[in-house]
Amino acid sequence: MVLTVQASVIPIDQLEQQFSLVEVEDTQFFQEWQNNLPELSDIEKQMLDKLKRGYFNLLKHPPLLENAIRMAIIAPLLFLADFYLFPFHIKAEKSVDISTEDEGLIVEGRLDVLVLKQHLWVAVIESKRAAYSIEAGLSQMLAYMLANPHPEQPSFGMISNGGSFLFVKLVQGQIPQYATSSQFDLRRKPDNDLYSVLSILKHLGELTQTNSN
C-alpha cells in the first residue's frame, strides 16, 4: 500500500474532503450485498450457528480482544468463504490504534486490515470494551481502499468487531464514490445474521475473481 495512514482514525469528513469522496445513497449503486447471493448448505448453517453461540460465550469472559475475535469469528468465516484457497491469499496490513474519549474515559482499540485480494478487504476492530462501533473503522477502511493500486475495478470491504458486520463498496474514478450495506448484528433475533454475512462474502469473492480476470 502506498498510502501512509495516521495512528488515529481519519475523520470521515476529512477523508471525503481530501479525496473528493462522495457517499452514494442510491441503493442501486451497491446491489452486490443484496442480489444473486449463493444459497448456504445445511452444514454451513450449522457451523454458523456454532460460531454465534461461541461469540456469546466469549462475551461472558471479557475483555473480548482482537485475537479472540479473529480466531473465533473472522477466521472461520474466511475459511467457509474459501478465502484461504487459490486465487485468494491473506496479507496483514499495518495495525492502527483507535482512541476516543467518552465522558472522561479514554477508550482504546485497534483496527487490523487483512487484504484478501486487490479488491477485497476485511477489517477487524479490537476494543477494551465488549464492543467498539464498526463506524470507527469505516474511514480507515476507505483510506486503505482508496490506496488500491488497481483502481479500475470496484473494491469491496467488510468491517467487523465480532458481533456486528458492515460491507463497503468503493468505485474510483473522476469522483470516487462509496456506499455501505445495512448492518448485520448477532443480537438480531430470531435469525442468524451470519448466514447473510457468509453469503455476501462468497458473492463478493466471486465478483473479485471475475473482475481480476
Side-chain angles (χ1 to χ4, degrees), residues 1 9 33 37-38 40 43-98 108-138 140-145 155-169 180-188 192-208:
M1 293 281 178
V9 170
W33 71 273
L37 300 180
L40 302 183
I43 293 178
E44 288 173 326
K45 291 179 180 179
Q46 291 171 13
M47 295 183 71
L48 293 174
D49 289 340
K50 283 188 177 181
L51 288 183
K52 182 176 179 178
R53 292 197 300 271
Y55 171 75
F56 286 113
N57 182 55
L58 285 173
L59 285 182
K60 296 178 182 178
H61 305 280
L64 182 55
L65 300 182
E66 178 261 343
N67 282 341
I69 292 174
R70 287 176 62 174
M71 181 172 60
I73 303 294
I74 304 302
L77 277 174
L78 300 183
F79 173 81
L80 291 172
D82 290 335
F83 287 144
Y84 297 135
L85 302 178
F86 180 85
F88 293 99
H89 64 276
I90 293 182
K91 176 184 176 183
E93 288 295 317
K94 179 181 178 182
S95 296
V96 179
D97 292 327
I98 302 171
E108 296 179 343
R110 180 171 294 274
L111 174 68
D112 282 352
V113 177
L114 305 175
V115 179
L116 302 179
K117 214 163 182 279
Q118 292 291 359
H119 299 284
L120 187 57
W121 282 260
V122 171
V124 184
I125 301 173
E126 171 193 4
S127 175
K128 290 184 179 177
R129 287 185 172 181
Y132 203 113
S133 171
I134 56 178
E135 293 294 336
L138 178 57
Q140 200 66 44
M141 169 68 89
L142 287 169
Y144 276 102
M145 295 171 74
S155 298
F156 300 97
M158 183 187 79
I159 309 170
S160 177
N161 60 3
S164 300
F165 300 81
L166 185 74
F167 290 91
V168 186
K169 177 180 181 179
T180 63
S181 68
S182 294
Q183 184 169 309
F184 299 91
D185 197 315
L186 296 192
R187 287 286 183 188
R188 201 185 317 275
N192 184 352
D193 273 10
L194 286 178
Y195 293 1
S196 297
V197 171
L198 178 58
S199 188
I200 294 170
L201 279 174
K202 285 189 168 187
H203 185 47
L204 296 183
E206 294 169 354
L207 291 176
T208 54

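Bear in mind that the values here come from a model prediction, so they are computed numbers and not experimental data.
- Residues V197 and M158 have side chains in contact (heavy-atom distance under 4.5 Å, counting atoms from C-beta outward).
- Two residues are said to be in side-chain contact when any heavy atoms from C-beta on lie closer than 4.5 Å; W33 and V168 fail this criterion.
- Taking CZ of R53 as the reference point, atom CG of L51 lies at 9.5 Å (rounded to 0.5 Å).
- Rounding to the nearest 0.5 angstrom, the gap separating the NZ atom in K52 from the CG atom in L194 is 7.5 Å.
- Q183 approaches R188 most closely through the heavy-atom pair O-NH2, 2.7 Å.
- Between L48 and L40 the shortest side-chain heavy-atom distance falls below 4.5 Å.
- Ring orientation note: the planes of Y84 and F79 are tilted relative to one another, at an angle of 30° to 60°.
- Nearest approach of L166 to S182, heavy atoms of both residues: CD1-O, 3.9 Å.
- F165 pairs with exactly one of D185, D193, L201, I74 by the side chain to side chain contact (heavy atoms under 4.5 Å, CB included) rule, that one being I74.
- Between L204 and F167, the closest side-chain pair of non-hydrogen atoms falls below 4.5 Å.
- Looking at heavy atoms from C-beta onward, R187 lies in side-chain contact with F56 at the 4.5 angstrom threshold.
- Across every non-hydrogen atom of F184 and S196, the tightest pair is CE2-CB, 3.5 Å.
- A distance of 11.5 Å separates CG of L77 from CD1 of I200, quoted to the nearest 0.5 Å.
- When the shell of 6.0 Å around CG of L85 is examined, it contains more than 12 heavy atoms from other residues, nucleotides or ligands.
- The two residues L138 and I159 have their closest heavy-atom pair at CA-CD1, 3.6 Å.
- Across every non-hydrogen atom of K202 and A81, the tightest pair is CG-CA, 4.1 Å.
- Nearest heavy-atom pair across L186 and G162 is CD1-O, 3.7 Å.
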